[in-house]
Number of protein chains: 2
Amino acid sequence: MFKFDSNYIGMPDKELQTEEKIKEVARKIFQEKGFEGAKTRDIAKEAGINLALMNYYFRSKKALFEMIMMETVQDFFQMVFQILNKPDTSLMDKIDGFVNTYIETLKKNPEVPLFILSCVKSNGAEFQKKFSMFHMISELHFFKQFQELVKQGKVKNIHPAHFLMNLAGMIVFPFVASPMIKLVTQIPESEFDLLMDQRKKLVPMWLKDMLFETTLEKN
Amino acid sequence: MFKFDSNYIGMPDKELQTEEKIKEVARKIFQEKGFEGAKTRDIAKEAGINLALMNYYFRSKKALFEMIMMETVQDFFQMVFQILNKPDTSLMDKIDGFVNTYIETLKKNPEVPLFILSCVKSNGAEFQKKFSMFHMISELHFFKQFQELVKQGKVKNIHPAHFLMNLAGMIVFPFVASPMIKLVTQIPESEFDLLMDQRKKLVPMWLKDMLFETTLEKN
DNA sequence: AAATGTTTTAAACAACTGTTTAAATTTAGT
DNA sequence: ACTAAATTTAAACAGTTGTTTAAAACATTT
């Protein structure tokens, strides 16, 4: 009952270690098994701490989960928005940079997107309140450039949401579906990563084709 | 303790009703909340049956879940394989047909893909044993046609897995991520369905471009 | 109508889960 | 070294969960 409200000064070393350790382990287990599947005793055990400490530092399992959930989503979108909002790069360079950074991030955190998608699915309402972030997507420099090119007739006039879905779909889906893909195609882990590296060049190419090409009807 | 092993003859009406009702409700709740999140008492309540009947008909929560999981995956892949294996349609017609049927199916069962992806993620090993289905994907007529066109030099030489990921990604991802997409873009349900209808024509077009076009480097 | 097999019910069980308590231990300030 | 605050611990609590039991209700057969 001491410090739930505080971000006070002069934390001793050990405190921060325990608190961080719990959060780190909890993040991993929550992402692996979801909120209901993650048991407080498993978190405590894997973190090597006493069962009561989770409640001491984070008040409740639910509070800990929501903190992790919010942080994960925030970090993720901060990365996305940062790239798509750079004012001094062309649309094409943004696409290149975005795909590269995005794929590289996902290679390091392959479980994050499924976790986020599950969270938003069951906690959608919570996010709308807490994040103004989501309302500014149409304000992104990226989309202004996009719609400018549409206006100039240099780019096909499709709903920007289509482009967004293709962009995200071609990058994120392979990671979200990787267990399925590996099962179905018999591709081993190492080769999968190689394919993802190839996609850093391929996906921008395909995306640009979507913007510019007129279809040749070949049958 | 009467009939767990049986597929006996002459089921009375009421039994089938109860058994089917439980399964139907359980499917919905399992897809909504996952295995751990779904509580036996919620299933019983929503199905309007006594708590003990779930165990009477299906032995255990786990057994019921696995039955539903396996059936869902099987049904889903049966649909996919059926289209991709038609011997008398061209590759292009297969793409058209596949995208159409796939999107139409997902509009009716938008929660299925996330459910399947979560299942495969945490039960991957189980599937490998039970389904020979997964090993025959490279045997599909679709992929034979695909690789024939590659050999003839009519189609770009990329790993078929890339094509598969783009195909699935562009179709499935919008549904898997629909809560997120709706949150971010502020697109309402009705317009979302309209966009999905548009994609029935757009996705095949984009996919064909991927196979045939050579990139124009525009900046 | 009696007997038999099947389905449904209410109640209970035992294990598990998130959380709290109160005491013990460690740390920091004086 | 003493004190007060902060952290950690073991144990317990209360509620939930999946499952079982034994009796009741229902249906079918003889």
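The figures here come from the full heavy-atom set of this structure, side chains too, leaving out hydrogens, waters and symmetry mates. Numbered from 1 within each chain, the chains take letters A, B, ... in sequence-line order. Remember, predicted model here, so these are calculated numbers, not experimental data.
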Inset, instruction - Report the relative orientation of the aromatic rings in B:Phe142 and B:Phe146; use parallel for angles under 30°, tilted for 30 to 60°, perpendicular for over 60°. - result: parallel

Legend entry - B:Thr40 vs D:dG18: side-chain N/O to OP1/OP2 distance below 4.0 Å: yes

Legend entry - A:Lys94 side chain vs A:Thr89 backbone, donor-acceptor pair below 3.5 Å: yes

Legend entry - Nearest to side-chain heavy atoms of B:Lys61, which nucleotide of D:dT19, C:dT7, C:dT19: D:dT19

Inset, instruction - Measure the distance from NZ on A:Lys62 to P on C:dT17 and round it to the nearest whole Å. - result: 18 Å

Inset, instruction - Take the protein atom CD of B:Gln17 and the nucleotide atom C1' of D:dC26, then report the distance between them rounded to whole Å. - result: 15 Å

Inset, instruction - Rounded to the nearest 0.5 Å, what's the gap from CG on B:Asn55 to CG on B:Leu64? Could you check? - result: 9.5 Å

Inset, instruction - Round to the nearest Å and state the distance from B:Phe65 atom CZ to D:dT17 atom C1'. - result: 17 Å

Inset, instruction - Mind calculating the distance between CD (A:Glu19) and P (D:dA6) to the nearest angstrom? - result: 14 Å

Inset, instruction - Return the nearest nucleotide to the side chain of A:Leu53; candidates are C:dT8, D:dT8, C:dT19. - result: D:dT8

Legend entry - Minimum-distance nucleotide to A:Tyr57 side chain [options: D:dT8, C:dT19, D:dT20]: D:dT8

Inset, instruction - Go through residues 29-39 of chain B and report each residue with a non-hydrogen atom lying under 4.0 Å from DNA chain D, sorted by number. - result: B:Ala38, B:Lys39

Legend entry - 5' priority, DNA chain C, between A:Arg41 and B:Ala52 [closest heavy atom]: B:Ala52

Legend entry - side-chain N/O B:Thr18 vs C:dT8 OP1/OP2, d < 4.0 Å: yes

Can you give the donor-acceptor pairs under 3.5 Å from side chains of residues 192-205 of chain A to other protein atoms, not counting sequence neighbours?
| unit_1 | atom_1 | unit_2 | atom_2 | d |
| --- | --- | --- | --- | --- |
| A:Asp197 | OD1 | A:Lys107 | NZ | 2.8 |
| A:Asp197 | OD1 | A:Lys200 | NZ | 3.1 |
| A:Asp197 | OD2 | A:Lys107 | NZ | 3.3 |
| A:Gln198 | OE1 | B:His162 | NE2 | 2.7 |
| A:Arg199 | NE | A:Met170 | O | 3.4 |
| A:Arg199 | NH1 | B:His162 | ND1 | 3.1 |
| A:Arg199 | NH1 | B:Asn166 | OD1 | 3.3 |
| A:Arg199 | NH2 | A:Met170 | O | 3.0 |
| A:Arg199 | NH2 | B:Asn166 | OD1 | 2.5 |
| A:Lys200 | NZ | A:Glu104 | OE1 | 2.5 |

Sequence neighbours excluded and cut-off under 3.5 Å, please list the side-chain donor-acceptor pairs for residues 29-43 of chain B, or say none.
| unit_1 | atom_1 | unit_2 | atom_2 | d |
| --- | --- | --- | --- | --- |
| B:Lys39 | NZ | B:Glu36 | O | 3.1 |

Inset, instruction - Show the numbers, then the answer: is there a ring pair (Phe, Tyr, Trp, His ring centres under 6.0 Å) between B:Tyr102 and B:Phe76? - result: CA-CA 10 Å; B:Tyr102 211 164; B:Phe76 195 75; 5.6 Å; yes

Inset, instruction - Tell me, please, which residues at least two apart from B:Ser60 pass side chain to side chain contact (heavy atoms under 4.5 Å, CB included). - result: B:Lys62, B:Ala63

Legend entry - Length of the line joining A:Met54:CE and C:dT17:P, which is rounded to integer Å: 13 Å

Legend entry - Expected output: side-chain B:Asn100 to main-chain B:Asp96 donor-acceptor under 3.5 Å: yes

Inset, instruction - Specify the separation, in whole Å, of atom CG of A:Asn55 and atom P of D:dT8. - result: 14 Å

Inset, instruction - Could you pull out all residues at least two apart from B:Lys23 that satisfy salt bridge (charged side-chain N to carboxylate O under 4.0 Å, His left out)? - result: B:Glu71

Legend entry - Contact list for DNA chain D against residues 42-51 of chain A - heavy-atom distance below 4.0 Å: A:Asn50

